[in-house]
Amino acid sequence: MLEKVQEDRLKKLQAIRDLGYDPYGGRYGTAEPIEAVLKKFDPARAEAHGDKQPDYQRADAAGRVILLRDMGKMIFAHIRDQSGQMQICLRKDQPGKPPAGLVEKPWALAKLLDLGDIVAVKGVLAKTRTGEITIFADDFTLLCKSLLPMPEKYHGLTDIELRSRQRYLDLMANPDSMRIFQKRVAIIEHFRGLLKGRGFVEVETPMLQSVYGGAAARPFTTHHNALDIDLFMRISPELSLKRLLVGGMEKVFEINRNFRNEGISPRHNPEFTMMELYQAYADYEVMMEITEELVYSSAKNISLPYLLDLYEKQEEAEEKLREDKKDTEKSEHKDISQQKWQKHLKEHEDAYTLAETPIYNIEMLSDIYEASKENKTKLPFVGERLIDYTRPWPRKTYLELMQEYAGVDMRDEAAVAIKAKELGLYASGKAHALLVNNIFEMKVEPELAKMDRPVFVKDYPAELCPLTRRKADDPSIALRFECYIAGMEVANAYTELNDPAIQEENFNGQLAGEKEGETMRVMDEDFVTALRHGMPPAGGLGIGIDRVVMLLTNTASIRDVILFPLLRPEEK
RNA sequence: GAGGGAGUAGCUCAGUAGGUAGAGCAAUGCACUUUUAAUGCAUAGGUCCUGGGUUCGAGCCCCAGCUCCCUCACCA
């Protein structure tokens with residue numbers, strides 16, 4: 001079947017060459033973005049006035065053919081470029097009947113058109129009988145012939161695996177997917193802009209390391225042939241970035257990949273993008289402000305305007321529907337009302353299909369709209385859940401949360417042991433801090449997942465945080481926070497530990513009952529040496545970019561926000 | 001790693017109690033110079049994930065395996 005399609009298309013390829021055209025085109029520098037073409041359309045200039053022919057505007061656009069309706073001597077098609085999509089009309093020229101169409105050879109070329117081809121047209125801009133802005137072409141260029149069929153025009157591609165594996169088809173067939181990746185770019189650019197504005201500089205540190213550290217995860221290993229050494233792919237840039245603080249770079253950040261040899265899930269990809277930053281003379285309180293600003297302003301400037309725009313479109317459609325209904329109620333002919341309904345559906349198709357998708361329905365959008373009037377930034381996470389990003393976000397200490405949801409004082413070793421036994425988490429000889437952590441995961445995290453606001457969880461048990469400074473008046477507490485949004489850990493930050501003696505001790509220590517791979521205690525001698533030279537007190541912050549993108553684009557799977565997520569290779 | 005669901009035409013999906021495999025889109029041909037998920041008529045397209053088994057007969061039942069999705073565990 002596929003072979004047959006290819007054969008047919010190869011025949012067309014030859015036919016195109018026989019006509020004297022190059023099926024793979026060449027430079028085409030004059031096309032305007034489709035969005036701009038649609039915007040510049042002036043209805044007044046498309047209409048004839050008096051005896052005169054209309055003073056048509058001209059337009060020039062290029063894109064991929066995504067819909068094709070061949071009516072014999074007239075072809076309607078929709079083409080899509082990066083900015084949008086629009087209708088073009090290719091007609092056989094009729095002398096004496098303006099506007100001009102295509103003469104012999106270009107018309108023959110047009111008749112060889114297939115879905116998926118990339119084309120350019122020049123012509124006049126006018127509305128069709130049904131009111132769609134269209135370029136009526138008098139010049140037609142084939143820029144690239146496609147040899148394989150496009151995905152189904154209405155449903156697109158749905159299978160996550162196929163969409164990831166052949167992302168080009170996903171992007172070509174699913175505008176929602178394209179939108180997600182465009183928003184991803186916008187969010188990252190926005191982060192960069194804000195950080196630059198705060199005086200941070202962007203640096204790149206090694207991905208290949210002979211000692212890994214900065215997180216609790218198993219690394220990927222690899223080998224350098226010329227030096228004949230084994231290397232690790234980094235699990236975090238933390239220790240490199242802190243060396244830069246020692247060297248005198250006071251505000252640094254890096255947005256780049258980390259690699260962790262762990263399981264894959266809808267929230268985990270083995271390589272993922274992390275924004276990590278360090279600011280000298282700051283602490284974790286400053287990091288909270290930065291986290292709030294980065295995420296909140298991304299939500300407000302990138303996601304929210306788009307959602308409010310969707311809402312307005314839907315409102316408009318609903319309003320129009322009410323008017324149409326009034327009209328048709330007066331009318332006596334039912335078939336007319338049918339026609340009007342069909343026409344209405346077509347005109348507002350975007351809004352209706354949107355309302356039908358589980359991602360954005362009208363009720364959810366209306367909630368967002370209402371909240372925006374009170375100056376609240378509410379955005380959906382995974383389906384219909386709304387999260388309120390309005391600042392400041394609540395701050396809760398680990399101690400409070402343990403008290404509130406687990407009903408235990410985490411400082412009381414005996415009480416913790418009893419609670420752990422109660423929950424079936426106890427193992428003899430397991431360190432107190434690990435028991436606390438296990439109870440937290442079991443009793444507190446599910447509660448955090450229910451909250452409709454981002455939450456800062458702060459002041460962790462010190463044993464769990466070997467790279468974090470301890471509280472001056474209570475060395476059992478580490479000055480660390482994690483930010484949970486809808487149950488996902490989105491940010492992690494510390495007031496950085498800059499005491500080389502404690503750091504060395506922490507690298508050497510190992511908590512009783514810790515499994516292999518659970519520890520972030522891998523000795524990095526040179527890092528301790530760096531600290532001995534003196535690192536300014538500092539705050540450090542890491543934000544998982546993929547997860548922020550998931551939250552701000554209402555995407556449930558991390559594989560839908562990473563262009564090429566890791567997949568098992570296809571077997572032939 | 002454990003549990004649940006799925007795999008049928010290029011894509012989106014039906015499929016009866018076990019009886020020779022279906023639709024829409026895409027493709028091919030014909031008609032149509034204002035269509036818009038164009039329409040009408042006709043044609044072609046399948047190792048029903050793989051391998052075994054039960055049966056006169058398996059897309060369907062049984063066993064094993066592969067892959068994907070979801071949940072949990074590890075983690076961000």
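We name chains A, B, ... by the order of the sequence lines, and we start the count at 1 in each one.
Side-chain proximity of Leu115(A) to the nucleotides C70(B), U35(B), A27(B) is greatest for A27(B). When each of U35(B), A38(B), C11(B) is scored by its nearest atom to the side-chain atoms of Glu152(A), the top-ranked nucleotide is C11(B). Considering only the side chain of His155(A), U12(B) comes nearest among U33(B), U34(B), U12(B). Taking only side-chain atoms of Lys73(A), from C-beta outward, the nucleotide of U35(B), C74(B), C32(B) with the closest atom is C32(B). Considering only the side chain of Asp159(A), C68(B) comes nearest among C68(B), U28(B), U71(B). Side-chain proximity of Phe272(A) to the nucleotides A76(B), U12(B), A27(B) is greatest for A76(B).
Taking atom C1' in both C32(B) and U39(B), one finds a spacing of 9 Å when rounded to whole Å. Comparing U67(B) with C62(B), their P atoms sit 22 Å apart, to the nearest whole Å. Between C68(B) and C61(B), the two C1' atoms lie 24 Å apart (nearest whole Å). Here, A21(B) and U47(B) have their P atoms 13 Å apart, quoted to the whole Å. Comparing A9(B) with C60(B), their P atoms are spaced 15 Å from each other, to the whole Å. Look at the P atom in both C48(B) and G22(B): the space between them is 14 Å, to the nearest Å. Nucleotides C41(B) and G24(B) are separated by 10 Å at their P atoms, to the nearest Å. Spacing between C30(B) and A23(B) at atom C1', rounded to whole Å, works out to 23 Å.
What separates CD of Gln166(A) from P of U12(B) is a distance of 11 Å, to the nearest Å. The CE atom of Met550(A) sits 15 Å away from the P atom of A76(B) (whole-angstrom rounding). In this entry the distance linking CD1 of Ile160(A) with P of C70(B) reads 5 Å, nearest Å. Counting to the nearest Å, the C1' atom of A76(B) and the CG atom of Leu448(A) are 15 Å from each other.
Lys12(A) has a side-chain polar atom (N or O) that falls below the 4.0 Å cut-off from OP1 or OP2 of U28(B). Within the 4.0 Å cut-off from OP1 or OP2 of C72(B), at least one side-chain nitrogen or oxygen of Arg267(A) is found. Distances shorter than 4.0 Å separate none of the side-chain N or O atoms of Lys153(A) from OP1 or OP2 on C11(B). Put simply, Arg559(A) has no side-chain N or O that comes within less than 4.0 Å of OP1 or OP2 on C68(B). In this structure, Arg568(A) reaches the U67(B) phosphate: one of its side-chain N or O atoms is under 4.0 Å from OP1 or OP2.
Side chain to side chain, Glu445(A) and Tyr484(A) meet the donor-acceptor criterion of an N or O pair below 3.5 Å. Side-chain atoms of Tyr278(A) and Glu276(A) form a donor-acceptor pair, as typed in the model, at a separation below 3.5 Å.
A 3.5 Å limit on both hydrogen-bonding distances identifies no Watson-Crick or G-U partner for G57(B). A 3.5 Å limit on both hydrogen-bonding distances identifies C63(B) as the Watson-Crick or G-U partner of G51(B). A 3.5 Å limit on both hydrogen-bonding distances identifies U12(B) as the Watson-Crick or G-U partner of A23(B). Applying the Watson-Crick and G-U wobble criteria (two distances, each under 3.5 Å), A44(B) pairs with nothing in any strand. Nucleotide C68(B) forms a Watson-Crick or G-U wobble pair with G5(B), both donor-acceptor distances falling under 3.5 Å. Applying the Watson-Crick and G-U wobble criteria (two distances, each under 3.5 Å), C32(B) pairs with nothing in any strand.
Using a 4.5 Å cut-off on side-chain heavy atoms (C-beta onward), Val457(A) and Arg395(A) make no contact. Between Arg559(A) and Ile264(A), the closest side-chain pair of non-hydrogen atoms falls below 4.5 Å.
Using a 4.0 Å heavy-atom distance criterion, Glu482(A) is classed as making no nucleic acid contact. Among the heavy atoms of the strands, none lies under 4.0 Å from Gly542(A). Residue Gln87(A) is classed as a base contact, given a heavy-atom separation below 4.0 Å to a base. At a threshold of 4.0 angstrom between heavy atoms, the contacts of Gly544(A) with the nucleic acid are absent. Residue-level contact check: Leu157(A) touches the backbone only, with heavy atoms under 4.0 Å from sugar-phosphate atoms and none from bases. Asn261(A) comes within 4.0 angstrom of no nucleic acid atom, judged by non-hydrogen atoms across all strands. At a threshold of 4.0 angstrom between heavy atoms, the contacts of Phe259(A) with the nucleic acid are absent. Using a 4.0 Å heavy-atom criterion, one finds that Glu161(A) contacts the sugar-phosphate atoms exclusively. Asp70(A) comes within 4.0 angstrom of a base, heavy atoms only.
Mapped onto RNA chain B by nearest heavy atom, Leu162(A) and Gln94(A) fall at different nucleotides, with Leu162(A) at the one closer to the 5' end. Comparing Lys111(A) and Ala77(A) by the nucleotide of RNA chain B that holds the closest heavy atom to each, the one mapping nearer the 5' end is Lys111(A).
Applying the 3.5 Å distance criterion, the base of U35(B) shares a donor-acceptor pair with the side chain of Arg69(A). On a pure distance criterion of 3.5 Å, no polar donor-acceptor pair joins the side chain of Thr158(A) and the base of U12(B).
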Worked verdict on Ser177(A) versus Arg167(A) for side chain to side chain contact (heavy atoms under 4.5 Å, CB included): CA-CA 9 Å; Ser177(A) 183; Arg167(A) 184 65 81 191; 4.1 Å; yes
From CA spacing to verdict: ring-ring contact (aromatic ring centres under 6.0 Å, His included), Phe440(A), Tyr398(A): CA-CA 8 Å; Phe440(A) 184 88; Tyr398(A) 207 95; 4.2 Å; yes
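Lys421(A) forms a cation-pi arrangement with Tyr426(A), by the criterion of a distance under 6.0 Å to the ring centre and an angle within 45° of the ring axis. Geometrically, Arg480(A) engages Tyr460(A) in a cation-pi contact defined by less than 6.0 Å to the ring centre and at most 45° from the axis.
Remark: Glu132(A) does not engage Lys127(A) in a salt bridge, criterion side-chain N to carboxylate O under 4.0 Å.
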